[in-house]
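Written below as structure tokens is the structure these notes are about.
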Amino acid sequence: MKLFKNVLKEETLTIVNNELNNNITKDVWGSNRRHWASFLTSNNLGTVSTRFVSDDCAAKVIEDIKPLVPEAKDIGVMMYIWDFGSGISLHDDSQYIFGGTIYLNANWQPDYGGWFIWKDEKEKWNAELPEFNNLILNDKGESHTVTPISHSSPEVRFTLQIFGE
């Protein structure tokens, strides 16, 4: 795993936040319960709402992260809303050239859950607390999981998920 801080420019963050705010109450979201393999939700009771971002938004995100990610023929950018109790079970994203997460919550606290946990090449477990505008990049197919969002968290978690194919 690689961690990059403050990856999106202010202009891009504004575009991302406007798109999220303009769509959050619209009927344009899919669900991890319908689109993810069942083993990915087996240990998590919450729902993750998912949607591809607009082409314009994706282009800005890709432009900002292009120097940080491996070359890929196609890069997909999605928004995820991680509701209370949601997480993702252990998996490796090895079907992609890379997978990445950009965190969008400004003040995420450790007790809110949503920790990114992975096993590195030395078989050591590591954990990363979501921090605003940071990118965690999996370009080696390392096994990872996300702990469930606490039911006592004052907010849901927002991320951009990026997959290179």
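Residue numbers run from 1 in the order of the sequence given.
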*When hydrophobic residues are tied together by side-chain contacts of less than 4.5 Å, even through go-betweens, does I15 share a cluster with I102?*
no

*In chain order, what residues pass the ring-ring contact (aromatic ring centres under 6.0 Å, His included) check against Y112, with sequence neighbours excluded?*
W108

*Are D64 and V7 close enough that some pair of their side-chain heavy atoms sits under 4.5 Å apart?*
no

*Check side-chain contact (heavy atoms from CB on, under 4.5 Å) between I97 and all other residues, then give those that pass, not counting sequence neighbours.*
P70, A72

*Keeping to residues at least two apart or across chains, list the salt bridge (Lys or Arg N to Asp or Glu O under 4.0 Å) pairs with something in residues 128-138.*
K5-E131

*Could you tell me whether a side-chain N or O of S86 sits under 3.5 Å from a main-chain N or O of D83, the two making a donor and an acceptor?*
yes

*After noting the C-alpha distance and the side-chain angles of L137 and F4, does the key distance pass the side-chain contact (heavy atoms from CB on, under 4.5 Å) rule?*
CA-CA 8 Å; L137 179 71; F4 301 96; 4.0 Å; yes

*asked:* Once side-chain contact (heavy atoms from CB on, under 4.5 Å) is applied, do any residues pair with E63, and if so which ones, sequence neighbours excluded?
replied: K9, K60

*Calculate, to the nearest 0.5 Å, the distance between atoms OG and CE belonging to S49 and M78 respectively.*
10.5 Å

_Partner of W118 under side-chain contact (heavy atoms from CB on, under 4.5 Å), chosen from H144, K140, K124_ = H144

_Using the side-chain contact (heavy atoms from CB on, under 4.5 Å) criterion, which residues pair with F39? Sequence neighbours excluded._
A37, H91

_What I'd like to find out is whether the side chain of N43 reaches to under 4.5 Å of the side chain of I88, using heavy atoms alone._
no

*Does the side chain of V156 reach to within under 4.5 Å of the side chain of F84, using non-hydrogen atoms?*
yes

*Side chains of D92 and S94: do they bring a donor and an acceptor to under 3.5 Å?*
yes

*In terms of side-chain heavy atoms, does W82 have a donor or acceptor partner in T159 at a distance below 3.5 Å?*
yes

*Quick one: do T50 and W29 satisfy side-chain contact (heavy atoms from CB on, under 4.5 Å)? Show the steps, please.*
CA-CA 5 Å; T50 65; W29 297 88; 5.5 Å; no

_Pairs touching residues 97-106 that satisfy side chain to side chain donor-acceptor pair (under 3.5 Å), sequence neighbours left out_ = T101-Q161, N105-E155

*Which value, rounded to the nearest 0.5 Å, describes the distance between M1 atom CE and L135 atom CG?*
11.0 Å

